[in-house]
Amino acid sequence: MEDTIAAISTALGGAISIIRISGSKAIEEVNNIFSQTDLTKVKSHTVHYGYIVDKDEIIDEVLVTIMKSPRTYTVEDVVEINCHGGIATTTKILNLLLKNNVRLAEPGEFTKRAFLNGRIDLIEAESVMDLITVKNDEARKIAISNLRGKSSDEIKQLRDKILQILANIEVNIDYPEYEDIEVITTNDLLPKIKKIIEEMQLLIENSQNGQLLKEGIKTLIVGKPNVGKSSILNRFLKEDKAIVTDIAGTTRDIVEGTVNLNGILLNIIDTAGIRNTDDIVEQIGVNKALSLIDDVDLVLVVLNGNESLTDEDKIILEKTKKTKSIVVINKNDLKLKIDKSLFKNRNVVEINTKTTTGIKPLEQKISKLFNMEKIKDSEYKYLSNIKQISLLQEALVSLNNAKKGMIEKEPIDMIELDIKQGWEKLGEIIGETYSEELLDKLFSEFCVGK
Amino acid sequence: MYYDIVVVGGGHAGCEACLASARLGHKTLLVTGNIKNIADMPCNPSIGGPAKGIVVREIDALGGQMAKNIDSSILQMKMLNTGKGPAVRALRAQADKVIYPKKMIETLTKQKNLEILEDLVKDLIIEDKKIKGIKLNSGKSILTKAVILTTGTYLNATILVGDNKKSSGPHGEKPALYLSDNLKKLGFNIIRLKTGTPPRLEKKSIDFSKAKLESGDKDQSFTFSFDNKIQYKIDKQVPCYLVYTNTKTHEIIKNNLDKSSMYGGYAVGIGPRYCPSIEDKVVRFQDKERHQLFLEPESIYYDDIYLQGFSTSMPHDIQEQMVHSISGLENAIIKKYAYAIEYDAIDPTQLKQSLETKIISGLFTAGQINGTSGYEEAAGQGLIAGINASLKIEGKNPLILKRSDAYIGVLIDDLVTKGIKDPYRLLTSRAEYRLLLRHDNADLRLRKYGYEVGLVNKKQYQKFQEKQQEILDTIEELKKIKITPTTKNNNILVKMNTKPLKSAITLYELLKRPEINIQDLKELCKISNDCAILEEVEINIKYEGYIKKAIAEAEKMLKLENKKIPTDIDYNKIKNLASEAKQKLQQIKPTSIGQATRISGVNPSDITVLMIYLKKRGVVSG
């Protein structure tokens, strides 16, 4: 980590490119290829005009920003070269640096240094990693808001509330005979803990929705053969909303394609080839689709609006009763024959795959179902990283154990064990509790080590 | 003159230290300013309390003396925190201030290998950073292999009453005037601390009819020691009483704050946060209309009453007004005025976990000199210093108790890792794994160490092993014995306020019901009569899930504890450490990653950087 790293930090092809260099030799190395001013003698946080030169040859006319440790992104000396954006020029300057004592930065390495040098906490570091890998605009917004420390604040507030309870329990134990100190009983504690649990549950739910926004909503389209599943997918295709790719998803399913509905990603799961609906394979498809219900985030149950419900439809409706689902009635131009009262408590959208009717309401339904509008609101609080969410879930388990202990009238000292565990788990999320797992994660994600 | 080990100071730390050393077969000398003040209790007349009571039991498990000594001088005994869970239960005894030291002096004088000398230590003889001996005020020099300093509040002691300040130890004893300057010359950072003690009142002059009676436990008697039998009579315990300050008292204090040593700016030492003076309480908690004060007997041989909670450094005339403003104390005669005492201590981060100083090989320190307050904290350190000085001259590895082993381990680790700002008091909240560090299982945790070291004899150890076996056997038995839903059994259960049975269950399962206690099982089957065993069995069954959780947490910490850091690391060379972390790590030189995580100012990101550095150097395994 004593070495100096460099990377092009803008997308190639723009009018201007920025090359960022960080490390103890950053200023010296850039100075070696810079003419006009001696950069080793300039003040911190200043911009300098000049030329990048290779021996006597001028490569480009540039602006160089000098930022000295510690008030920089990585806490190390940082130099940014603003050069002209052509691929040839930019890479030439980079290669010039790499010829000497500068190494090409690994992905996320500037952030890694910022974290290791204590400039940002883990949650912020992870947000930057998220930012590098985000797939759409909404997710980018989450990552940015995390970067500003919003989720850290939320976790810190939860921890403060828990700490208050812990302190009160402790003081009772250490000063048993002082009546001045309010003696805390499980009866006093229970409502407080319940409130914290509710807040955590909300945060988890929000975070899971946020996760869906980032990763896409795993969506299963199910219906008996020839009800128009393929038409719906094709409708998306015609609207140019589907990006059909073969992205390997989790172990079990293959994502057929990703549909972008107004910034909401639907990862359509392929169950035995939705696009080849006329195929006999479809028969197997329904059963397979039904077996996947528990693994997906959303089920679109497609019914044919031109006929009354068949037994097969009823089975499908029954099996999807408890999942987040939308009943999509494909009615084409014909008159509606289906009896809607049979699923009156469910989300229903009528769609006409011959025109674009219904696509918009479907989008809105999905958006509402997953609180997507709220998520886009910058005040909405949630965690955007799977690891963080799972730590939050572990903390919730601990607090639920505490709640259970209170209801079962366990001694306060035992209950405290669970409360404290919850507090520590929350600390791990924001890197305030040191944990072995955290380190393992860092070693694996940041490729540090031998 | 030559001794293997010299202990300087005859307080609670010094007594444990010299006994441990002598009992381990080393020719030991105890140097004390006044033989009559050995094991003196200059402050509160009690031993034990939350965390502290558990320390006393730990001392006993390891083969120390404090528990055995207090068992023979009890005025009143209480089990505290009974309603808050088994982990925080702790014994507290009101001690007889005459009998306690008398019994300890008897033990010391009878002890083989131990001699006592009345003198003050002026300087240490050091060669090549190794301790070689001590120089006495009388001019004599004594050579030795190890020295344990347990000087209490005597280093440069100053007594403060109002604006009056005089160089003196407690009870007007001579302070040690030269030693702390000489320690400073050796490179020790000397810090100034302060503590205080409340006034003593004449018993006859108190109107107890206006006070609330606070008696000892009447339904069960206890011993601190695992080896002792009950030595006090449960129905002859001496009572304590409760009185309150009032707005008039607070008025007097507020109007005279400038006369108090502390608020008048006459004191420089830092007082204990957890044992504040009454001035402090009144100033800091303005909204409190009254504060509790306990009237505690000091001895059956004289009638001084200790006014607990009323420590002050006000001048005598103000103390009179303050005391007389309290209901029940209108006519109280003050026999000894309250005073504050300032004294020197060393920065405990200059110690190793063995309590040997990092600067001078063979020099150990224990008790208030290390910045702690409290008899129990002192005794615990004294015992460990005595053991480790012995192990050192035997060429053996020191005994280091982990935070999951004992409160004594927590105490020492806190001192040497975090340092102190004010006198350190042990609190249950300082222990992360207190469910494992219970009052009842101190022997199960620590007897083996006492036996290995040699302070617990074979007979005691066998008795302990039998107890351990009986606990395991009883648990196994309860897992086997089933009770069936007969009418007779169900009638018994209903009487116990618990649900009758529908099908057969084991007694083990029955005991897990919160409303059932182990004594109830006696009505259903034959089990051990030994209360200690039953308590252990009950806790282990009832709280099995919680105990398992605590063990899992402790193991997580042990993993970090086992990642050792070489002490020769130059932290200034680790580039990405924050500068505060660099400085702290350099100063403390933690021996493990676990210890490093506990240093204040060292953040998780610093630990990560340190781990990466160590991994690169190939020093950390696992």
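Lettering of chains follows the sequences in order, A, B, ..., and the numbering in each one begins at 1.
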Of the listed B:Arg425, B:Glu432, B:Lys542, the one with the largest count of heavy-atom pairs under 4.5 Å with chain A is B:Arg425
Is the side chain of [X] donor-acceptor paired with the backbone N or O of [Y] at a distance under 3.5 Å, no angle test?
X	Y	value
A:His45	A:Arg71	yes
B:Asp217	B:Met79	yes
B:Arg434	B:Ala51	no

Tell me every residue that passes side-chain hydrogen bond (donor to acceptor under 3.5 Å, both in side chains) with [X], counting only those two or more places apart in sequence or in another chain.
X	value
B:Lys512	B:Glu544
B:Ser46	B:Asn44
B:Ser373	none

Honestly, the part of B:Glu515 sitting under 4.5 Å from a heavy atom of chain A is neither
The interface call for B:Leu427 against chain A, heavy-atom contacts under 4.5 Å, is both
Does the ring of B:Tyr543 carry B:Arg438 above it, NZ/CZ under 6.0 angstrom from centre and within 45° of its axis? no
| query | Is a salt bridge present between B:Lys84 and A:Glu416, judged by a nitrogen-to-oxygen distance below 4.0 Å? | reply | no
Bottom line for A:Ile412: the part with an atom under 4.5 Å from chain B's heavy atoms is both
Filtered by a 4.5 Å non-hydrogen cutoff, the part of residues 396-409 of chain A contacting chain B is A:Asn401, A:Gly405, A:Glu408
Comparing A:Glu424, A:Lys420, A:Glu410 against chain B, the one with the most heavy-atom pairs below 4.5 Å turns out to be A:Glu410
